[in-house]
Colleague: 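Dropping the structure in here first, questions after.
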Amino acid sequence: MNLDNLNIQQKEAATHTEGPLLILAGAGSGKTATMTHRIAYLVEQGVSPYNILAVTFTNKAAAEMRQRVEGLGVSCRGMWILTFHSMSLRMLREYYEAAGYEKNFVVYDTVDQKTLLKSILKDLNMDTKEYPVNYLGAIISHEKEADRGPEEYIRTEGENFKSRAIYQVYKEYQKRLKSNNAMDFDDLLRNALHLLRDHPAILEEYRDRFRYIMVDEYQDTNRIQYLIIRLLAQVHKNLCVVGDDDQCIYQWRGADIRNILDFEKDFPSAKVIKLEQNYRSCGNILTAAHSVIRNNKGRKPKKLWTEQDEGHKIVYSRLDSDKEEAAYVAGEIQLLQGPSASYDDFAILYRTNAQSRLFEDALRRKHIPYQILSGFSFYERKETKDMISYMRLVTNPMDDMAFMRIINEPKRGIGAKTVDKLRALASVRGQSMLHTVSDPEIIAGLPAKARDSVREMTQVIDLCRREKENLRIGDIYDSLLVRTGYMKALEDENTIESEGRIENLMDFKSFIYDFEKEKQDAGETATLEEFLEKVATDGDADKYESESGKVTLMTLHSAKGLEFPIVFMPGMEDGLFPGHRAMDSEEGMEEERRLCYVGITRAKERLFLTGAAYRVMYGHGDYTRESAFMRELDSKVLDPAGDTVYSPTRRTNNPLGIDTGSLDGFAKPAEKPYDYLARARREVKAADSAKDLALSPGDRVSHGKFGEGLVLEEDEKTVTVIFDSVGRKKLAKGVAPLKKI
Ligand code: ATP
Ligand code: MG
């Protein structure tokens, strides 16, 4: 086999087949490539593929590795190239009995998991408000990642009212999984570990089989994964782990950076090979990456070099607003695309999924094909669809599809059976389902738990419908979110996932805000009907197909291990990247910085960093401060043209005309989602209390949509105002925030 395309260190690593080996090296230095060659080399040296185990981080990476090994002219038949989860599943399928399960045990996904937890809470008479299902699921998962069962949980946590309750749920949860002959994802890893640990004969067999073990992205292994590998490799010690401590970005999911840093302690005879030549990126990109990551204190110092030229400088542009940022990125892609760069050479890597929407919009406008990798497109998100359904019911109460989507979102205790009954009833009566369920008699026949919340829901929709001409779309949206209990349910969950959903909902608010602003700037008023039309057509148009490939959009986290000729990293602002939560701690900042390093080092030829001086986040526009990472980044590699062309002083759209390009001044980290929530709630509450607002003819008032006006007459339910801008309007009290001035 030809190892000549490897450099000396890589070759040394690929041919060092006996004994523990650590390849600790920076991004793009050919770690994965070396591992691939090493596998091929082993087989060529006469090692049976059957004796090789290679663990990767994702299924995609596993498939790619298999392909590359075969590309080197070696067959992978019998070889295990897979992720930790698939490996565990295979072992457990083989030895289900020893693991204490029946043949054909099932693996529960998160939906099954939640259903199970719910039924347990019900049987234990526990309140799902106090103990939200996702919260419990997260705790249980966290405990399992640390290999702690219910007993160990209560022992480490200590006895108190809450830990006792969680303990009981956890215990019952495990019991029922077992009696259902089921495991969840975390059980897969944990059961595999126990299978090996508690059954010497089985361990012996796998040890004998996997004489050569390799693990890519070792820096992101968690405790259990680490223990499994250590058990398997203990006898033959032909373990090769590959990783970069600077790229550990999953600590929030239990990844333990010590696993890689302590490797030499675990295997004292380990050979350590460092790869220092980077083959991926141009000089300037490497310099940029290094200038950022060197600010981390807890790292092994290393520096990469490249034979490639400096290449293009890095373009940093701080645009006036987030929309302009997206338009700028789409514009640059259009300009650069051509014979030398096809669309699939481009990637837009963002910090949060919520950022994708503006880029989707901007790319669509320019008919640039794109794909979103992992994470849903804006229009495919559950919460987006739910809220659209609510709004559709406001414009069209006959919309039974929308009704069925939201009748039990948030959970109102309306099961599938009740929905079926309602549907049948509605069809007998020749009414819409919403109309049917608005009937007090029907409500009285619903399960007791459901009555209040269903009544409230129908009232909110009705109110919004009657007043929709007098309300901004954003007001209707806030009202639906708050008054239907949708937001509250997510808040109660209080998990990473639910916070993500809340962020997406806030992002939806920004979308509405943009739409209304655009109309307003054009001198028109935006109607809810028009808005829903836009949503429907945009959502349908889906992804453009194209011969020349697609621009890739994904989060920085999912970009690990990948590379692209041209990379855009938007949102270089404090509060976004680094994220607001990370900014509170040094540890958090270091993890974000590693993520920044991962992002920069995905780029082969060109890197564009962008930010927005003004960003609408969570439905609220605010000035931003430049990312801390921009201050760290070596300014020598920045393209001065990036600054002059898109200088923050070119602030045509800056509503207040404040220069926010500077680091301090008015700028502050963007608002947190929960601040937005509080504000939305305040506004809805203000609207509520406006019901009791004592108004008399002649008072001056201000209104969210119509501005200031003069009260003409008022009665118990309505008030008639002559607005300076639009003239006479009759408004229902207690719907729109109306203030006396
Ligand atoms: P990451 O840390 O991002 O996972 P890595 O260290 O695994 O990166 P690879 O993805 O293996 O790096 O390699 C980066 C790029 O460099 C790939 O395009 C690979 O083909 C190329 N490469 C690796 N080694 C060599 C070499 N010796 N000669 C030429 N190209 C190489
Ligand atoms: Mg790699």
Side-chain angles (χ1 to χ4, degrees), residues 1-15 21-41 54-69 71-72 81 83 214-221 240-250 255 257 260 272-283 285-286 288-290 292-293 299-300 302-309 311 344-345 347 349 552 554 556-567 569 594-605 607:
M1 201 190 97
N2 194 358
L3 291 177
D4 285 348
N5 39 3
L6 298 184
N7 67 31
I8 297 174
Q9 291 81 18
Q10 291 176 329
K11 210 180 284 177
E12 193 186 357
T15 55
L21 171 67
L22 165 65
I23 305 177
L24 183 65
S29 56
K31 294 185 298 298
T32 305
T34 303
M35 193 168 141
T36 312
H37 279 85
R38 192 173 185 272
I39 295 173
Y41 179 79
V55 185
T56 62
F57 207 72
T58 61
N59 290 319
K60 185 167 175 272
E64 249 174 51
M65 182 163 293
R66 187 170 284 272
Q67 223 172 25
R68 286 207 210 162
V69 173
L72 293 170
I81 306 186
T83 64
M214 275 155 275
V215 187
D216 198 4
E217 308 278 4
Y218 191 67
Q219 76 279 354
D220 276 323
T221 46
C240 164
V241 302
V242 171
D244 177 2
D245 53 323
D246 287 335
Q247 294 185 66
C248 179
I249 53 175
Y250 279 92
I257 202 164
I260 197 159
V272 182
I273 294 182
K274 293 195 174 161
L275 307 176
E276 281 164 345
Q277 179 168 3
N278 174 294
Y279 292 94
R280 181 180 292 149
S281 314
C282 297
I285 293 170
L286 275 190
H290 183 251
V292 171
I293 196 67
R299 70 183 281 265
K300 293 199 169 182
K302 51 177 147 28
K303 195 166 178 188
L304 293 163
W305 62 277
T306 177
E307 266 175 5
Q308 300 189 41
D309 5 323
D344 49 18
D345 287 338
L349 310 178
T552 301
M554 66 175 130
L556 289 159
H557 275 101
S558 41
K560 199 168 72 152
L562 306 180
E563 57 189 25
F564 300 90
I566 304 167
V567 169
M569 277 169 70
R594 289 193 291 269
L595 192 56
C596 185
Y597 173 79
V598 168
I600 294 174
T601 53
R602 297 310 97 198
K604 292 162 92 166
E605 292 155 25
L607 175 66

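Numbering of ligands and ligand atoms starts at 1, following listing order. Position 1 is the first residue of the sequence; numbering continues from there. On a predicted model such as this, the values are computed, not experimentally measured, just so you know.
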Colleague: Please state which part of Gln10 comes within less than 4.0 Å of ligand 1, counting heavy atoms only: side chain, backbone, both or neither.
Modeller: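 The part of Gln10 near ligand 1 is the side chain, not the backbone.
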
Colleague: So for ligand 1, is Leu6 a polar contact partner (N or O within less than 3.5 Å, distance only)?
Modeller: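 Between Leu6 and ligand 1, no N or O pair is found under 3.5 Å apart.
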
Colleague: Using heavy-atom distances only, which candidate in Lys560, Arg602, Gln247 approaches atom 3 (O) of ligand 1 most closely?
Modeller: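 Going through Lys560, Arg602, Gln247 one by one, Arg602 has the nearest heavy atom to atom 3 (O) of ligand 1.
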
Colleague: Specify whether the nearest protein heavy atom to atom 20 (O) of ligand 1 is under 4.0 angstrom away.
Modeller: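 False for atom 20 (O) of ligand 1.
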
Colleague: Heavy atoms only, cut-off 4.0 Å: how does Asp216 contact ligand 1, side chain, backbone, both, or neither?
Modeller: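 Answer for Asp216: neither.
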
Colleague: If the contact criterion is a heavy-atom separation under 4.0 Å, does Ser29 count as touching ligand 1?
Modeller: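 So Ser29 counts as touching ligand 1.
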
Colleague: Taking atom types as modelled, is there a side-chain donor on Gln10 or Glu12 under 3.5 Å from an acceptor on the other?
Modeller: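 The criterion, which ignores hydrogens and geometry beyond distance, is not satisfied for Glu12 and Gln10.
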
Colleague: Specify side chain, backbone, both or neither for Thr32, according to which of its non-hydrogen atoms lie closer than 4.0 Å to ligand 1.
Modeller: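 Both backbone and side chain of Thr32 come within 4.0 Å of ligand 1.
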
Colleague: For atom 17 (C) of ligand 1, is the nearest protein heavy atom under 4.0 Å away?
Modeller: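 Yes, because at least one protein heavy atom sits under 4.0 Å from atom 17 (C) of ligand 1.
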
Colleague: Is there a donor-acceptor contact under 3.5 Å from the side chain of Asp216 to the main chain of Phe57?
Modeller: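 No, Asp216 side chain to Phe57 backbone: no donor-acceptor pair under 3.5 Å.
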
Colleague: If we ignore hydrogens and angles and just use 3.5 Å, is the side chain of Arg280 paired with the main-chain N or O of Thr601 as donor and acceptor?
Modeller: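 The answer is yes, because a donor-acceptor pair under 3.5 Å joins these two groups.
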
Colleague: May I ask you to identify, for Glu563, whether its side chain, its backbone, both or neither come under 4.0 Å of ligand 1 on a heavy-atom basis?
Modeller: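 For Glu563, only side-chain atoms sit under 4.0 Å from ligand 1.
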
Colleague: With a cut-off of 2.8 Å, does any N, O or S atom of Thr32 fall short of it relative to the Mg ion (ligand 2)?
Modeller: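 Yes, since at least one N, O or S atom of Thr32 sits under 2.8 Å from the Mg ion (ligand 2).
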
